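The next block holds one structure in the form of structure tokens; read it before the comments.
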Amino acid sequence: MFEFLTQELEFLKSIGLYRELKTIEKIDGSKIIIAGRKLINFCSNDYLGLSQHPKVKERTIEIIKEFGVGAGASRLISGNTIIHEELERKIAKFKKREAAIVFPTGYQANLGVISCLVEEKDTVIIDRLNHASIIDACRLSKAQMQVYPHQDLMRLENILQRSEKFRRRLIITDSVFSMDGDLAPLPEIIKLAKKYQALVMIDEAHATGVIGKTGRGLEEFFNIEGQADIVMGTFSKALGSIGGFVCGSLELITYLRNKARSFIYTTALPAAICAAALAALEIIENEPELINQLWKNINKVNPSAQSAIIPIIIGELNKTMEISTKFFENGIFLSGIRPPTVPKNQCRLRLTITAAHTENDLEHLRSLIRKLIKDFDLGSCN
Ligand SMILES: *Cc1c(COP(=O)(O)O)cnc(C)c1O
């Protein structure tokens, strides 16, 4: 019956795409223990170290004591608390929007909002390197998916020119591209959207808490706040816990509360997790030095980086995994990224910098990179 499983797994092994979990035994700031070995974690999205922040932990534990661990039901049944609503007000204000809706994950936020806004008669226009959750959401929506090459505004305009026949046009872009770390040209995208009457949605998963002077995201960076029609993001990266959100007009949010299936048919986030996200947002507002520390660290590794994500593109699969192993053996956890997460022959190490990294961590990283560039003849990459 299940021979196909064995076959497929053997096939994945034969082409080097078999995946295995790495098991973390202990966490202490930027250090983790895997297989008894102490490593510096250079592939976490906990950009501000907030998952470990004492205030975040404290607030979460406090609310667990008051509300329990699980929410017990979906938001529309009996899973909705004052903490959920406080978080929605807070994130809406943070992103300078009228309202917000919180989902259990960012993945579900994308599924919910995209499948609600476009249907068969519509088109969704996306950058080729957008996150997998956006692609899955587009498929679910049944709207015609039109993909433009990464950052290619000419092709985006061509597509828009040819899209008059569709009832609605929705452009979606990552703000910070999750595997490349570069920024979307948002002002130009918004200009094109206005010209061709399209809606714009941004996915701020890696921008929230990182990009813009106060971490509000790509609009703040470009000084065009309030311009995108839909702002999606997640509490799971720089905000240190879990959960997704969509910010926009009150009408959009009310519509999503009524229609988004990934909101309606799933158990609410625990109130305590909402409290963690609230505490994280307060910390970002009250301790701006945290974002400054992150950027100091990023600049020490690569002064021209646009975000906390710094890809080291190797290309070939086996070489990438071999170099990843070398990092591991030398005390640095930096996992290799393979297809289908990245295009074939663009295998890479996806280096992420956080505010929790110490000067010693960064120095160890830099010297190891210098050594491996020599050993593996990587002169041509980055
Ligand atoms: C991580 C990520 C998501 C999904 O968010 P989760 O909260 O982890 O489910 C969505 N979009 C992008 C660009 C991401 O990097």
Side-chain angles (χ1 to χ4, degrees), residues 21 43-48 50-51 56 84 87-88 91 95 100-117 124 126-141 147 150-151 170-184 186 189 200-211 215 217-219 221 228 230-247 256 260-263 266-270 273-274 276-278 280-281 306-311 335 337 340-342 348 350-354:
L21 293 167
C43 49
S44 162
N45 299 321
D46 187 12
Y47 299 121
L48 299 172
L50 288 175
S51 80
V56 173
H84 292 82
L87 177 59
E88 288 177 338
I91 191 68
K95 295 287 189 183
I101 178 172
V102 166
F103 293 75
T105 66
Y107 193 112
Q108 280 167 282
N110 271 336
L111 286 193
V113 64
I114 295 167
S115 67
C116 270
L117 285 178
V124 57
I126 57 178
D127 187 290
R128 194 167 78 88
L129 296 189
N130 275 352
H131 190 260
S133 59
I134 295 174
I135 313 284
D136 292 358
C138 293
R139 288 183 182 144
L140 184 65
S141 77
V147 182
H150 185 47
Q151 309 276 34
L170 172 64
I171 305 169
I172 309 174
T173 183
D174 286 21
S175 287
V176 173
F177 286 88
S178 55
M179 292 299 138
D180 291 67
D182 53 345
L183 306 181
L186 190 58
I189 291 175
V200 174
M201 170 175 158
I202 52 176
D203 177 334
E204 300 247 278
H206 298 279
T208 304
V210 176
I211 304 294
L218 198 58
E219 291 182 331
F221 178 84
I230 302 133
V231 179
M232 174 271 167
T234 158
F235 300 115
S236 58
K237 283 151 189 168
L239 297 176
S241 59
I242 184 87
F245 60 83
V246 175
C247 301
L256 292 177
R261 294 170 65 86
S262 60
F263 171 81
T266 193
T267 298
L269 272 181
I273 291 297
C274 297
L278 270 167
L281 285 166
Q306 294 182 292
S307 71
I309 302 163
I310 304 176
S335 71
I337 310 280
T341 312
V342 292
R348 67 195 63 189
R350 178 178 171 278
L351 178 63
T352 50
I353 307 300
T354 78

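What you see is a predicted model; the values in this text were computed from it and never measured. Order of appearance sets the numbers: ligands from 1, and atoms from 1 within every ligand. Position 1 is the first residue of the sequence, and the numbers go up from there.
Distance check: Leu140 CG to Leu111 CG gives 6.0 Å after rounding to the nearest 0.5 Å.
Pocket lining of ligand 1, defined as residues with a non-hydrogen atom under 4.0 Å away: Thr105, Gly106, Tyr107, Asn110, His131, Ser133, Asp174, Ser178, Asp203, Ala205, His206, Thr234, Ser236, Lys237.
Looking at every heavy atom in both residues, Ala184 comes nearest to Ile189 through CB-CD1, 4.4 Å.
Checked against Arg350 for a side chain to side chain donor-acceptor pair (under 3.5 Å), the options Asn45, Asp180, Thr341 give a single hit: Asn45.
Ring geometry, Phe235 versus Phe245: the interplanar angle falls from 30° to 60°, so the pair is classed tilted.
Counting only heavy atoms from C-beta outward, the side chains of His150 and Asp182 approach each other to under 4.5 Å.
Side-chain N or O atoms of Asn130 include one that pairs as donor or acceptor with a backbone N or O of Asp174 at under 3.5 Å.
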